[in-house]
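Worksheet: one structure, shown below.
Worth saying up front: this structure is predicted, and the values here are computed from it rather than measured. All residue numbers refer to positions in the sequence shown, counting from 1.
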Amino acid sequence: MSEENGLYRPINLENISKGSNLTFDVYYESKSVGGTYVKFASADNPRHQEKVKEFLGNPDFNIQLYIEEKDLFKYYDQTTVSLKKMMESDVVPLKEKTKKVYSVSKEIMQDFFEFSATDKVLGSSEKVMEIMEDCISDNNVGFKAISQITNKDYYTYTHSVNVGLYCMTFGVKLKMGRDDVRELGLGGMLHDVGKAEVPHDLINKNGALTDEEFKIIQNHSPKGEEYLSNLNCYSQKVTCMAGQHHEKWKGGGYPKNLMGDQIAVNARICKIMDVYDALSTRRSYKKAMNSFEALTLMKQKMNDHFDPKLLNAFIRLMGPDM
Ligand SMILES: [Fe+2]
Ligand SMILES: [Fe+2]
């Protein structure tokens with residue numbers, strides 16, 4: 001976010017259930033006063049809240065509203081409550097539900113990676129992952145359905161959510177316990193948090209990297225693990241996924257050059273989903289592969305990178321011609 005926009009962030013009020021009172025103040029941008037933000041509604045003013053309800057119920061009223069960045073976690077708290085309500089609805093189709101959870105997860109990770117939101121928003125990603133786990137487990141959602149909702153343009157934030165969902169679906173299909181599945185999904189979503197420290201130009205650089213640049217990029221893995229560990233709210237099953245997802249089954253990966261079962265199972269799963277998503281999304285300099293092409297390349301050219309049992313299970317679960 002540019003400096004003149006200060007500490008205000010655009011929000012998507014469609015995520016909030018109609019009829020709700022907002023738990024935070026909202027603002028609009030006043031062009032006439034040189035781009036300053038003017039309060040649209042206070043959380044503690046009943047008259048303002050009536051105005052918000054009208055706004056939420058009227059499809060023609062589409063002014064972009066903003067929130068103070070410090071309140072962002074309140075917006076996501078309210079969003080996740082609304083999301084939960086939507087999940088319980090009998091009239092909303094399953095695909096719409098999964099799409100909505102995906103889009104909220106994307107928003108959270110985008111705030112984190114691109115707008116340097118505080119780590120408080122990551123707490124919301126945990127709640128959203130719980131909702132997604134309920135949805136995938138209860139409805140037996142498979143890779144095919146998940147692939148249809150994932151964004152195929154590569155950004156660090158879409159990649160993070162995609163990897164989280166693939167990891168979660170894999171855990172469900174392998175019949176892991178529900179808590180394990182949630183941690184696997186969450187760890188997948190957070191595996192690249194260390195990239196928040198890497199300059200965008202470097203992440204998107206097409207072409208040979210200097211040794212120095214390569215080191216900076218490689219550092220995202222141990223940095224991410226350290227960052228998550230310091231938050232003191234994630235188990236090792238989650239943090240190891242950030243720290244070990246670039247290790248390779250037969251050695252030669254980074255940061256520690258671990259091998260085989262020295263690498264935690266969750267990190268071995270994350271590695272497969274990480275590469276799969278990178279291959280099956282498009283970037284400015286490369287096309288997206290379809291799932292068959294991606295899996296063939298992983299099996300034939302990168303076999304040493306992955307735990308063979310897990311890779312075979314993934315290929316089996318994806319189906320040959322998805
Ligand atoms: Fe990574
Ligand atoms: Fe990644």
Side-chain angles (χ1 to χ4, degrees), residues 1-2 5-18 20 22-29 37 40 52 55-56 59 62-87 92 95-136 146 148-168 182 185-193 195-196 200 203 228 231 277 281:
M1 167 154 283
S2 64
N5 283 341
L7 297 168
Y8 293 86
R9 290 267 304 104
I11 51 165
N12 184 3
L13 279 190
E14 269 176 34
N15 291 339
I16 309 284
S17 302
K18 292 184 181 67
S20 306
L22 295 182
T23 54
F24 44 83
D25 299 346
V26 282
Y27 300 79
Y28 65 94
E29 193 179 4
Y37 293 87
F40 179 78
V52 169
F55 171 67
L56 286 174
N62 55 1
I63 296 175
Q64 175 65 59
L65 291 178
Y66 294 79
I67 185 172
E68 278 187 274
E69 203 168 8
K70 68 173 175 55
D71 285 342
L72 205 52
F73 73 98
K74 292 186 191 166
Y75 159 67
Y76 280 122
D77 276 354
Q78 205 165 357
T79 298
T80 44
V81 170
S82 300
L83 210 51
K84 241 186 169 145
K85 249 194 223 163
M86 182 190 184
M87 292 295 135
V92 181
K95 191 162 184 185
E96 210 173 298
K97 289 180 180 175
T98 51
K99 268 185 166 171
K100 193 76 194 166
V101 185
Y102 185 75
S103 92
V104 172
S105 314
K106 239 172 40 182
E107 241 188 90
I108 294 172
M109 296 317 283
Q110 186 175 19
D111 275 329
F112 181 78
F113 282 112
E114 302 205 337
F115 305 122
S116 317
T118 66
D119 45 45
K120 266 192 179 167
V121 301
L122 292 183
S124 307
S125 68
E126 196 166 350
K127 285 187 203 150
V128 176
M129 275 288 153
E130 271 178 36
I131 295 171
M132 196 58 154
E133 195 272 324
D134 284 343
C135 187
I136 292 177
I146 291 297
Q148 283 170 353
I149 58 164
T150 52
N151 200 320
K152 298 295 184 284
D153 285 311
Y154 185 99
Y155 298 96
T156 305
Y157 63 92
T158 49
H159 168 69
S160 299
V161 181
N162 295 357
V163 170
L165 291 191
Y166 291 138
C167 282
M168 181 171 267
R182 286 176 181 185
L186 183 63
M189 186 135 118
L190 302 177
H191 78 284
D192 269 339
V193 288
K195 282 195 178 161
H200 279 239
I203 289 178
L228 293 176
L231 294 177
D277 186 64
T281 46

Gap between atom [atom2] of [Y] and atom [atom1] of [X] - 0.5 Å precision:
X    : Y    : atom1 : atom2 : answer
L190 : M109 : CG    : CE    : 5.0 Å
Y155 : N162 : OH    : CG    : 12.5 Å
C135 : L83  : SG    : CG    : 9.0 Å
K97  : I131 : NZ    : CD1   : 11.5 Å
E107 : Y76  : CD    : OH    : 4.0 Å
D77  : F24  : CG    : CZ    : 10.0 Å

(message) Applying the ring pair (Phe, Tyr, Trp, His ring centres under 6.0 Å) criterion to H159, which one of Y166, Y154, F113 satisfies it?
(response) Y154
(message) Taking salt bridge (charged side-chain N to carboxylate O under 4.0 Å, His left out) as the criterion, tell me which of R182, K127, K84 meets it with D134.
(response)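 Per the salt bridge (charged side-chain N to carboxylate O under 4.0 Å, His left out) rule, the option paired with D134 is R182, out of R182, K127, K84.
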(message) Any side-chain to backbone donor/acceptor pair from S82 onto Q78? Under 3.5 Å, distance only.
(response)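 Confirmed, S82 side chain pairs with Q78 backbone.
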(message) Checking the side chain of S124 only, and the main-chain atoms of T80 only, is there a donor and an acceptor separated by less than 3.5 Å?
(response) no
Taking side chain as C-beta onward, heavy atoms only, is [X] less than 4.5 Å from [Y]?
X    : Y    : answer
E68  : Y8   : yes
Q64  : E29  : no
S160 : T156 : yes
I149 : V101 : no
M189 : V161 : yes
L22  : I16  : yes

Please report the shortest heavy-atom distance between [X] and [Y], naming the atom on each side.
X    : Y    : answer
G185 : M168 : CA-CB, 4.0 Å
Y75  : N12  : OH-N, 3.1 Å
M132 : L165 : CG-CD2, 3.5 Å
Y66  : P10  : CD2-N, 3.4 Å

(request) Would you sort out whether N15 and K100 count as a side-chain contact (heavy atoms from CB on, under 4.5 Å), showing the intermediate values? (result) CA-CA 8 Å; N15 291 339; K100 193 76 194 166; 3.0 Å; yes
(message) Applying side-chain contact (heavy atoms from CB on, under 4.5 Å) to V193 and L228, what does each step give before you reach the verdict?
(response) CA-CA 8 Å; V193 288; L228 293 176; 3.9 Å; yes
(message) What I want to check is whether the side chains of N151 and Y102 have a donor and an acceptor closer together than 3.5 Å.
(response)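 Note: N151 and Y102 side chains miss the donor-acceptor criterion.
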(message) Would you say K152 and T150 are linked by a side-chain donor-acceptor pair, where the criterion is simply a distance under 3.5 Å?
(response)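 K152 and T150 do have a side-chain donor-acceptor pair below 3.5 Å.
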(request) Give a yes or no on whether a salt bridge exists between D71 and K120, defined as a side-chain N under 4.0 angstrom from a carboxylate O. (result) no
